[in-house]
Amino acid sequence: MDVMGDKATLLDTGRFAQPADFVQPADLTQPSDRDETGEAAEEARQWSAAEAGDVEAMSVLGAMLLRRGDLDAAESHLRAATAAGDRAAANNLGVLLHQRGYPEEAAGWWRIAAVAGSAAAAHALGRYHRERGDEPAAEYWLRQSAEQGHALGAYALADLLEHRSDVGAEQWMRAAAERGHREAAYRLARTLDRKALDSGEAVGDNGVIGAAGEDAEQWYRQAAARGHRRAALHLGAILEKRGDLKEAGRWYLTSAKDGEARAACALGFLLRDAGDPESAAVWWLRAAQDGDGNAANALGAQHAERGETQTAERWYRAAMDAGDVNGAYNLGLLCAEQGRTAQAEQWYRRAAYAGHREAANALAILLLQVGDAAGAEPWFSKAAEAGSVDAAFNLGILHAGRATDSDDAAALRWYERAAAAGHTEAALQVAIARLREGDEPAAERHLRCAAGGGSAEAAYRLAAVLDARRPPAPAHELGEPAQEKSECEEWYERAASQGHRRAQVRVGMLAAARGDVVEAARWYREAAEAGSRNGAFNLGLLLAREGSEPEAALWWTRAADAGHGRAALRLALVYARSGELAEGQRWADRAVSLGPAEVSERAARLRDALREELSA
């Protein structure tokens, strides 16, 4: 229970007792500029006045002795002052008796003081009744105290009302906060914070917060400024999300130095992101030693990155012992990387059974890898239902692999669910399904999402969809200015720049159509060197047109070896013209076998002609 006393009068008279078991919040304690000598002189003066029968001196002296812990001497003076009708003495006598273990008698004196108008006594009496389960009486007296402007009374009333989910709790919590009660300021901020989240007013990606969020931040600041370490932690989190990293770091540091492990952990992440992993490790270590599982996981990950697997495992176990299920999941990842599949499965299961959705997904993948599709599916489902986007995508793959109508429909449902959550490859799969169905607008929408998310295949397919719609471009004449690139070309180029070989070939073709031979050759060469037989064939055509047939033959050879029929036919013609009839016949035979039909027909005629020439 907090210190009792008539705050309205005792601050001026010195009749405010603060015994050891009635600790007043630091932000409500009034500083004293009296030194020990001055206090001794004041006490001597009060003794003299009390012995002369001064009631106020008896009350002040009793409070001074009570504060010092001299209960016997204090009691006689407080009883004498109380008998003379001093309400502050009655309140402090209640404090003394409560400290001695006589709560019922203490309550009697508090009642006398409260009836006489002492807000502090009304607060004490309200707390007394609440501790005994008499909430109506507790509310009555706490309200009496709060309505007189007593900060502790307002806070205790707010706490009681909040426990009952009474809407009036916020009003009194705010009243206590406005009177300097730091815990009230913190709890008011938490209430406003939750309201901001519920209404969608939390800090957005652009750093803007709504009115409720601003109000919460203000109270976090007030509580943090008065030394509330959890308020400092939450204030740091708000500032970090907004991008004010320097100020966020200061509040995290303040909170961490006051012993808040979560703040030390958050400070560690801030330092790591700023490029100072060594300092980050210092704060993570401090937080982990105080039982913060997240910090232990961070230390484990740091050691794992350095290849210090034994130390990493030790910290992951510490995280797990601290109740952080991520510790078990990370142990599973560590074991899987080392090929310890049985142990990885054990840790994944432990984390998955505890509700870790990514562990459930990892467990399902592991089971799928060893051929247990039946065992994997329930874990994929559990992870997906818990919100794992990767698990939803994997379920789509699982159903798609069964190739039945019902499974195709189920696969599409899971792909759509993952795509709606921003999964790039899932959006691509939905787009492919919509293209098969002929729903081009829906396909385009999903292709744009996937391409925007970085999928080269989606960018290529989107470009192809747009390409098919545009009218044929007029032939480019030499000397004409190059036409502006269309949207489809931009998507082809995006896919090509990501290494998509078909896109590279297409960009080369478009460049060649514009008359930009150098650009065309660059993209054909890039595709060919990455293994594209079409790229190699087209590069050969370009080189042949430029008069470099020997180099062209090298690229056609590469394309023909990769199964390109037209390249084989070109080689047959090259060797036939150069008089190497046997080599020409060999490549003509290859072209016949590779096709397509048109190429096979032409190659067969050439082969037969070369055969006749050789037999002549």
Side-chain angles (χ1 to χ4, degrees), residues 428 432 435 447 450-451 454-468 470 472-473 475-476 482-483 485-575 577 583-584 586-600 602-603 606:
L428 173 60
I432 292 170
L435 283 172
L447 285 172
S455 169
E457 180 66 22
Y460 172 73
R461 287 176 180 266
L462 175 59
V465 167
L466 298 172
D467 203 0
R470 68 175 184 161
H476 181 267
Q483 295 177 354
K485 290 181 182 177
S486 63
E487 186 188 4
C488 77
E489 287 184 75
E490 291 174 356
W491 284 113
Y492 277 135
E493 287 190 3
R494 181 182 292 196
S497 65
Q498 292 176 258
H500 194 286
R501 292 182 300 181
R502 283 179 295 164
Q504 290 168 343
V505 172
R506 186 63 183 142
V507 172
M509 292 171 66
L510 291 168
R514 290 195 306 270
D516 191 343
V517 177
V518 174
E519 183 74 358
R522 180 174 75 85
W523 283 113
Y524 286 151
R525 189 179 299 275
E526 196 164 327
E529 289 174 347
S532 168
R533 61 189 186 185
N534 284 329
F537 176 69
N538 287 356
L539 180 58
L541 289 177
L542 203 64
L543 291 166
R545 289 192 193 112
E546 296 296 313
S548 302
E549 193 168 81
E551 188 181 353
L554 293 175
W555 288 107
W556 285 332
T557 301
R558 181 181 289 196
D561 287 341
H564 199 287
R566 284 189 170 82
L569 179 57
R570 287 276 177 175
L571 284 170
L573 290 168
V574 167
Y575 284 113
R577 284 197 298 267
E583 190 67 9
R586 184 175 74 82
W587 282 112
D589 269 335
R590 184 73 189 277
V592 169
S593 64
L594 291 174
E598 176 196 346
V599 170
S600 296
R602 291 178 60 195
L606 177 61

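Note that the numbering runs from 1 along the sequence shown for the chain.
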Are the side chain of Ser548 and the backbone of Ala544 linked by a donor-acceptor contact shorter than 3.5 Å? no

Can you tell me how far the NE2 atom of His564 sits from the CG atom of Leu569, to the nearest 0.5 Å? 11.0 Å

Any non-hydrogen side-chain atom of Arg566 less than 4.5 Å from a side-chain atom of Arg533? no

Measure across Ala450 and Ala458 and return the closest heavy-atom pair with its distance rounded to 0.1 Å. CB-CB, 3.4 Å

What do you reckon, is CZ of Arg506 surrounded by more than 12 foreign heavy atoms closer than 6.0 Å? yes

Qualifying ring pair (Phe, Tyr, Trp, His ring centres under 6.0 Å) pairs, either residue in residues 487-531, two or more places apart: Tyr460-Tyr492, Tyr460-His500

Using modelled atom types and a 3.5 Å cut-off, is there a donor and acceptor pairing between side-chain atoms of Glu549 and backbone atoms of Val574? no

Listed partners of Glu529 passing side chain to side chain contact (heavy atoms under 4.5 Å, CB included), at least two apart: Arg525, Trp555, Arg558

Test of understanding: with side chain to side chain contact (heavy atoms under 4.5 Å, CB included), list the residues that count as partners of Leu541, not counting sequence neighbours. Phe537, Asn538, Arg545, Trp556, Arg570

Taking C-beta and beyond as the side chain, do Leu554 and Leu543 meet within less than 4.5 Å on heavy atoms? no

Tell me which one of Leu466, Ile432, Leu428 satisfies side-chain contact (heavy atoms from CB on, under 4.5 Å) with Leu447. Leu428

Minimal non-hydrogen separation, Ala591 against Val599, with atom names: O-CG1, 4.1 Å

When rounded to the nearest 0.5 angstrom, what is the spacing between CG in Leu539 and CD in Glu551? 7.0 Å

Between Ala511 and Ala520, the two heavy atoms sitting closest are CB-N, 3.7 Å

State the CD-CG distance between Glu487 and Leu462, to the nearest 0.5 angstrom. 6.5 Å

What is the minimum heavy-atom distance between Ala560 and Leu594, and which atoms define it? O-CD1, 4.0 Å

CZ-CD distance between Arg522 and Gln504, expressed to the nearest 0.5 angstrom: 9.0 Å

Are Glu490 and Arg494 within salt-bridge range, i.e. N to O under 4.0 Å? no

For Gly540 and Ala552, work out which heavy atoms get closest and say how close. O-CB, 3.1 Å

Less than 4.5 Å apart, any side-chain heavy atom of Leu573 and any of Leu606? yes

Heavy-atom side-chain proximity of Cys488 to Arg470 below 4.5 angstrom: yes

Does the side chain of Asn534 reach to within under 4.5 Å of the side chain of Arg502, using non-hydrogen atoms? no

For Arg602, look at atom CZ and say whether over 12 heavy atoms of other residues, nucleotides or ligands are found less than 6.0 Å away. no

Ignoring hydrogens, what is the shortest heavy-atom contact between Ala567 and Ala559? Give both atom names and the distance. CB-CB, 3.6 Å

